[in-house]
Amino acid sequence: KVYRASTTAPVNIAVVKYWGKRDAKLNLPTNSSLSVTLSQSDLRTLTTASCSSTYTGDDSLLLNGEPSDVSGARTQACFRELRVRRAALEAANAALPKLSTFPLKIVSENNFPTAAGLASSAAGFAALVQAIANLYELPDSPSELSLIARQGSGSACRSLFGGYVAWRMGEKEDGSDSKADLVAPASHWPSMRALILVVSASKKGVSSTSGMQQTVATSGLFQQRISTVVPANMALMEDAIKNRNFPQFAEVTMRDSNSFHATCADTYPPIFYMNDVSKAAIRAVEAINAQAGKTVAAYTFDAGPNCVVYYQEEDAATVLGAFAPLLATAEGWKDGSVVNASVKLD
Ligand code: DP6
């Protein structure tokens with residue numbers, strides 16, 4: 001008999017960024033962060049986990065049709081934690097099949113090109129953890145599962161929920177309080193939209209894992225970011241979301257992105273993620289807001305040149321219209337099926 005379970009997990013884009021680890025092994029962050037979850041009809045990872053006593057060999061992972069290495073410490077940590085929880089259920093109930101002892105086969109697919117640089121590791125590890133948790137029939141809440149997904153990739157802990165999600169950094173050395181929780185569901189702010197501007201679909205530059213470690217080790221500005229800037233931004237952001245205050249949401253989003261990229265520039269040697277098209281996108285958002293006489297759009301950039309613009313549905317014509325020339329400059333997704341998407345939230 002083959003036991004099987006499938007699930008999907010969404011992409012999330014942080015509006016208060018995670019950048020810095022205080023424990024690289026457990027993936028514990030130097031600051032809390034907060035993200036917005038994008039619609040799964042546009043961007044998601046679909047993962048099926050199966051196991052059987054008839055499977056032979058080691059655990060395996062097929063990612064977008066290609067065999068992928070599972071021997072890395074992060075994937076191993078996720079498998080181990082999930083097996084421990086399943087084994088506890090089996091120990092308590094002798095009637096349960098011993099799934100924890102069977103090899104796992106994981107099959108995972110993104111509905112967007114990995115090369116688009118859109119936080120695929122976040123959706124990937126979240127879907128992997130949720131699929132195995134479903135297979136093992138674990139009773140754990142999304143918040144508890146976020147503790148496991150975090151060990152796969154930090155940002156993945158925020159992809160176990162929809163809507164507006166906070167990752168609380170926690171204080172404990174064992175990481176047991178470093179997990180995600182729901183700030184508000186997407187339905188709380190139905191007019192929110194995200195425009196994804198794929199400036200470059202090629203994957204190059206410094207990975208976030210190594211970039212943030214270089215920043216922690218060498219940037220003086222970073223100390224100020226984690227001690228004062230981020231705590232203030234977290235409080236302001238939660239307040240903006242609670243009150244559906246778009247100008248406040250937008251200002252904190254843009255300031256936090258700028259602060260994060262400033263610490264990258266202050267890293268020695270410096271790290272630059274934004275290119276000239278990225279900077280043109282910032283200018284375009286500034287021009288849109290100046291023209292509108294109020295804040296109707298907000299930009300944010302992760303560890304790459306691609307831009308995400310948040311806006312509200314009522315301002316769609318203004319924002320998308322102003323972006324039309326830049327949309328032509330940007331590369332779009334390489335597979336040609338989707339060029340620069342405007343997406344809803346889930
Ligand atoms: C800039 O979660 O990819 O997107 O924990 O090393 O896997 P690891 O890092 P990762 O870093 C994401 C960094 C970011 C900001 C964010 O998503 O909060």
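Numbering of ligands and ligand atoms starts at 1, following listing order. We're numbering straight along the sequence, starting at 1. Basis for what follows: all heavy atoms, side chains included, without hydrogens, waters or symmetry-related copies.
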_ligand 1 contact on Ser155 by region, counting heavy-atom pairs under 4.0 Å_ = both
*Between Arg22 and Lys172, what is the shortest heavy-atom contact and its length?*
NH2-O, 3.3 Å
_With a cutoff of 4.0 Å, is Arg150 in contact with ligand 1, counting heavy atoms of the residue only?_
no
*Less than 3.5 Å between some nitrogen or oxygen of Ala303 and one of ligand 1, yes or no?*
no
_If you count heavy atoms of other groups shown closer than 6.0 angstrom to NZ of Lys25, is the number above 12?_
no
_Pairs of nitrogen or oxygen atoms closer than 3.5 Å, one from Trp19 and one from ligand 1: do any exist?_
no
What pairs of donor and acceptor atoms, side-chain ones from residues 102-109 against any protein atom, are under 3.5 angstrom apart with sequence neighbours left out?
residue : atom : partner : partner atom : Å
Ser108  : OG   : Thr47   : OG1          : 2.8

*Does Gln291 CD have over 12 foreign heavy atoms under 6.0 Å away?*
no
*asked:* Under a 4.0 angstrom heavy-atom cut-off, which atoms of ligand 1 come close to Arg74?
replied: 6 (O), 7 (O), 8 (P)
*Polar-atom distance check: Thr209 versus ligand 1, any N or O pair below 3.5 Å?*
yes
*Lys17 N/O to ligand 1 N/O under 3.5 Å*: no
*Numbering as shown, the atoms of ligand 1 that approach Met212 to under 4.0 Å (heavy-atom distance)*: 9 (O), 11 (O)
*Should we say atom CG of Asn243 is surrounded by more than 12 heavy atoms from elsewhere, each under 6.0 Å from it?*
yes
_Quick check on Phe260 - does any of its heavy atoms sit under 4.0 Å from an atom of ligand 1?_
yes
*Please check if Phe260 and Trp167 belong to a single hydrophobic cluster, counting links between Ile, Leu, Val, Met, Phe, Trp and Tyr side chain heavy atoms closer than 4.5 Å.*
yes
*asked:* With a 3.5 Å distance limit and no angle check, can you tell me whether Asn31 reaches the backbone of Ile226 through a side-chain donor-acceptor pair?
replied: no
*Could you pull out all residues at least two apart from Arg83 that satisfy salt bridge (charged side-chain N to carboxylate O under 4.0 Å, His left out)?*
Asp59
*By number and element, which atoms of ligand 1 are closer than 4.0 Å to a non-hydrogen atom of Lys21?*
5 (O), 6 (O), 8 (P)
*Which of the ligand 1 atoms, numbered from 1, are nearer than 4.0 Å to a heavy atom of Gly154*: 2 (O), 5 (O), 7 (O), 8 (P)
*Should the proximity of Asn27 to ligand 1, defined as any heavy atom under 4.0 Å, be assigned to the side chain, the backbone, both, or neither?*
side chain
_Residue-level breakdown please: for Ala14 versus ligand 1, do any non-hydrogen atoms fall below 4.0 Å on the side chain, on the backbone, on both, or on neither?_
side chain
*asked:* Are more than 12 heavy atoms, taken from residues, nucleotides or ligands other than Asp174, located less than 6.0 Å from that residue's CG atom?
replied: yes
